[in-house]
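A, B, ... follow the sequence lines: proteins, then strands. Residue 1 opens every chain. Please read these numbers as outputs of a predicted model, since none were measured by experiment.
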There are 2 protein chains.
Amino acid sequence: MSLRHGILGLLAERPRSGYDLTRAFDSSLADVWPASHSQIYPELARLTADGLIEQVGEGPRGRKVFATTDAGDAEVVRWLRDDPPNRAVRDESLLRGFFLWLLPTDEARSQLETEAAWHRAEVARYEAVVADGSIDWTATPAARTQRIMIESGIRVRRALAEWAKWSVDRMEHDP
Amino acid sequence: MSLRHGILGLLAERPRSGYDLTRAFDSSLADVWPASHSQIYPELARLTADGLIEQVGEGPRGRKVFATTDAGDAEVVRWLRDDPPNRAVRDESLLRGFFLWLLPTDEARSQLETEAAWHRAEVARYEAVVADGSIDWTATPAARTQRIMIESGIRVRRALAEWAKWSVDRMEHDP
DNA sequence: GCCTCCATGTAATTGGTTACATGATTCT
DNA sequence: AGAATCATGTAACCAATTACATGGAGGC
């Protein structure tokens, strides 16, 4: 139940509304665990019913702000400590890769070049976030951790960009 | 509909049974698109009903061998050409990373060391497959493509192993 | 005779996506 | 006045996991 724990983890940092959570799952967490508001709002209701979070405030337009309860904080930590990570990863781009031999060589090559370009653009996007002067990545434990997680994104994308280029070169002299 | 196209792609290479497909989704494709037999058998029925595959043989223990039809072959190619890849990736290990600041530093460090070790072991596993003398990676277009896809696994895992080590070092002098 | 692997399927539940539905506030 | 953004929710559908269920063939 990763969505559940993702929400708990975000609320353990600071109180947020469903809308705030939706934006977090759509920006910083989008590359590891995307989630939409239609999933988040019902889960907030369940987490409240289970006593792991509670509403701690309200705002304009019916905004409801939630925070973790002590039980909720304990549950995230328990999850991190005791639940073994589910290492199943689903990546449609790479699945397609397995079947590229079904296309004419030049089309396959062109698709891999598109992949390389996409990953390079992602690296640039991450690097721009890191270089953003308005963020102090040493300010809090959460910020330091976030800096580390951005680094994982940079390195994975860079590896995939270089891999895609390597594949194109390899196909060049071995069609 | 990635499962559907994954099955079509595998059957485009050569005829297989549901059991064969299950093993493929559990070995070579496991790292990009895991799928279990309980998903595969109903999908084979749907693909048959849609005229994209057909049963071309049978074997002991009720084994049914399927192959793509011309329409099926055309559909995989159409998918590769026209459907933009869904780039949403879900990785629970990395999601957990975002919340490691909730653990005492030494526990967080130890978790990252476990990650590094796991990724290094995966790299070794892939490298053993590549080094397996009984496989000729230049024999067919499909084999050449598979070699390229294994390389993506090696490079991504290596990047993550090195990232995890980098994170531990970073936490060392900046707790 | 027993164990392992091969081989196929269904059912119940959970998780996730897409579409539907509504409305307040703020900015220009 | 109109557009963009903030803000919440539900419903229908599709995809995936886990559990249930069964049995044949081959090796030892």
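Spacing between atom CZ of A:R46 and atom P of D:dT10 amounts to 11 Å, rounded to whole angstrom units. The distance between atom NE2 of A:H5 and atom P of C:dT14, rounded to the nearest whole Å, is 16 Å. The nearest whole Å value for the distance from the CG atom in A:N86 to the P atom in C:dG16 is 11 Å. When rounded to the nearest whole Å, the span between CZ of A:R61 and P of D:dA7 equals 5 Å. Rounded to whole Å, atom P of C:dA7 lies 12 Å from atom CG of B:L21. Atom CZ in B:F25 sits about 17 Å away from atom P in C:dA7, given to the nearest Å. Separating the CD1 atom of B:I7 from the C1' atom of C:dT8 is a distance of 14 Å, rounded to the nearest angstrom. When the C1' atom of C:dT25 is taken as reference, atom CD of A:E58 falls 16 Å away, rounded to whole Å.
The side-chain tip of B:R4 does not point at the ring of B:W79 from less than 6.0 angstrom away and within 45° of straight on.
With C:dC6, C:dG9, C:dT17 as the choices, the nucleotide that has an atom nearest any side-chain atom of B:Y41 turns out to be C:dG9. Of the candidates C:dT25, D:dG9, C:dG16, the closest approach to any side-chain atom of A:K64 belongs to D:dG9. With C:dG16, D:dA15, C:dT8 as the choices, the nucleotide that has an atom nearest any side-chain atom of B:M1 turns out to be D:dA15. Considering only the side chain of B:R90, C:dG16 comes nearest among D:dT18, C:dG16, D:dC6. Distances from the side chain of A:H37 to the nucleotides D:dT10, C:dT10, C:dT26 place D:dT10 closest.
B:W118 is not connected to B:V123 by any chain of hydrophobic side-chain contacts under 4.5 Å among Ile, Leu, Val, Met, Phe, Trp and Tyr, and they are in different clusters.
Note on A:R4: nothing from the nucleic acid sits closer than 4.0 angstrom, heavy atoms only.
If you find the closest nucleotide of DNA chain C to B:R23 and to A:E43, the one lying nearer the 5' end belongs to B:R23. Nearer the 5' end of DNA chain C, as judged by each residue's closest nucleotide, is the contact made by B:P60, out of B:P60 and A:A35.
Between D:dT17 and B:Q39, a contact under 4.0 Å exists linking OP1 or OP2 to a side-chain N or O. An OP1 or OP2 oxygen of C:dG9 is reached within less than 4.0 angstrom by no side-chain nitrogen or oxygen of B:R63.
Note that the OG1 atom of B:T140 and the CH2 atom of A:W101 stand 7.5 Å from one another [nearest 0.5 Å].
For B:S38 and D:dT18, a side-chain-to-base donor-acceptor distance below 3.5 Å is present, hydrogens and geometry of angles not being considered.
Residue B:D70 places its CG atom among 12 or fewer non-hydrogen atoms of other residues, nucleotides or ligands, all under 6.0 Å distant.
Considering B:E43, B:R16, B:H37 as possible partners of B:L21, the one that fulfils the side chain to side chain contact (heavy atoms under 4.5 Å, CB included) test is B:R16.
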